[in-house]
Amino acid sequence: DTAVSQTPKYLVTQMGNDKSIKCEQNLGHDTMYWYKQDSKKFLKIMFSYNNKELIINETVPNRFSPKSPDKAHLNLHINSLELGDSAVYFCASSLYGTDNSPLHFGNGTRLTVT
Amino acid sequence: KQEVTQIPAALSVPEGENLVLNCSFTDSAIYNLQWFRQDPGKGLTSLLLIQSSQREQTSGRLNASLDKSSGRSTLYIAASQPGDSATYLCAVRKAAGNKLTFGGGTRVLVKP
């Protein structure tokens with residue numbers, strides 16, 4: 001009955017590889033997000049999708065490509081991984097246009113690029 | 001550009017003491033402010049959300065206040081317990097759109 005679930009929990013890979021992180025929410029929300037938390041614990045938004053449409057793209061390299069097959073899923077594909085991509089990636093969801101709708105977060109995917 | 005700051009970065013208190021966590025933001029044009037808790041290796045759990053028109057929100061031992069004009073919010077945790085040990089983050093939502101801007105968090109340790 002997990003609200004926002006993302007897989008895998010841990011991902012260790014080498015530079016240059018391509019990898020994907022999946023996210024699903026069963027809250028009936030229509031907006032989903034990807035956030036990146038760096039080693040200093042700062043959380044920064046990367047993307048936001050509303051009903052499968054991109055609404056926020058925060059100057060993220062083109063190597064990162066989100067895909068939203070439906071409003072309950074938002075996957076993140078990363079090409080040509082670099083050392084600086086190592087971080088914890090969090091998926092979140094909320095109701096768009098509802099200002100009192102809090103964000104619900106998944107448990108994160110710890111990506112380590114070697 | 002909105003900037004959110006949380007001071008101190010870390011805080012240690014004995015069990016039973018009240019906790020006071022500070023959050024400041026540079027742009028007062030916000031829709032709402034949200035306080036989260038993050039446990040090690042876990043995601044964020046929403047604690048309280050304060051609308052821009054509200055002055056405070058309460059949930060159990062937690063009380064969050066908002067002073068938009070001065071760009072400040074304070075999270076009070078009464079009678080702290082070891083289980084309150086975690087990192088607490090505040091985040092503000094812009095007046096337009098749904099982007100949340102996070103502070104760097106305050107890491108709290110409550111000693112038994």
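Lettering of chains follows the sequences in order, A, B, ..., and the numbering in each one begins at 1.
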Inset, instruction - Kindly indicate whether the side chain of Leu103(A), heavy atoms from C-beta on, has any atom under 4.5 Å from the side chain of Leu44(B). - result: no

Inset, instruction - Determine the option with the most heavy-atom pairs under 4.5 angstrom with chain A, choosing from Gly104(B), Ala9(B), Gly43(B). - result: Gly43(B)

Inset, instruction - Could you check if a side-chain atom of Tyr35(A) sits within less than 4.5 angstrom of a side-chain atom of Leu100(B), using non-hydrogen atoms only? - result: yes

Inset, instruction - Kindly check if the number of other-residue, nucleotide or ligand heavy atoms within 6.0 Å of CZ (Arg55(B)) is above 12? - result: no

Inset, instruction - Kindly compute the distance separating OG1 (Thr101(B)) from CZ (Phe42(A)), expressed to the nearest 0.5 Å. - result: 12.0 Å

Inset, instruction - Identify the two heavy atoms, one from Arg93(B) and one from Tyr33(A), that lie closest to each other, and give their separation to 0.1 Å. - result: NH2-OH, 4.2 Å

Inset, instruction - Using non-hydrogen atoms and a 4.5 Å limit, figure out which bit of Gln37(A) sits close to chain B: side chain, backbone, both or neither. - result: side chain

Inset, instruction - Quick one: pull up CG in Asn107(A) and OG1 in Thr45(B) and give me the separation to the nearest 0.5 Å. - result: 8.0 Å

Legend entry - Shared hydrophobic cluster for Leu74(A) and Leu11(A) (ILVMFWY, side-chain gaps under 4.5 Å): yes

Inset, instruction - Please check if Tyr76(B) and Leu11(B) belong to a single hydrophobic cluster, counting links between Ile, Leu, Val, Met, Phe, Trp and Tyr side chain heavy atoms closer than 4.5 Å. - result: no

Legend entry - Within 6.0 angstrom of Asn62(A) CG, more than 12 heavy atoms from elsewhere: no

Inset, instruction - Can you establish whether the number of heavy atoms outside Lys52(A) located under 6.0 Å from its atom NZ is more than 12? - result: no

Inset, instruction - Sort Lys9(A) into side chain, backbone, both or neither according to what part of it lies under 4.5 angstrom from a heavy atom of chain B. - result: side chain

Inset, instruction - To the nearest 0.5 Å, tell me how far Lys42(B) NZ sits from Phe90(A) CZ. - result: 11.0 Å

Inset, instruction - May I ask you to check whether over 12 heavy atoms, not counting those of Ile7(B), lie within 6.0 Å of atom CD1? - result: no

Inset, instruction - Answer yes or no: is there a side-chain heavy-atom contact under 4.5 Å between Phe102(B) and Ile45(A)? - result: no

Legend entry - Hydrophobic cluster membership, Met46(A) vs Met32(A), 4.5 Å side-chain cutoff: yes

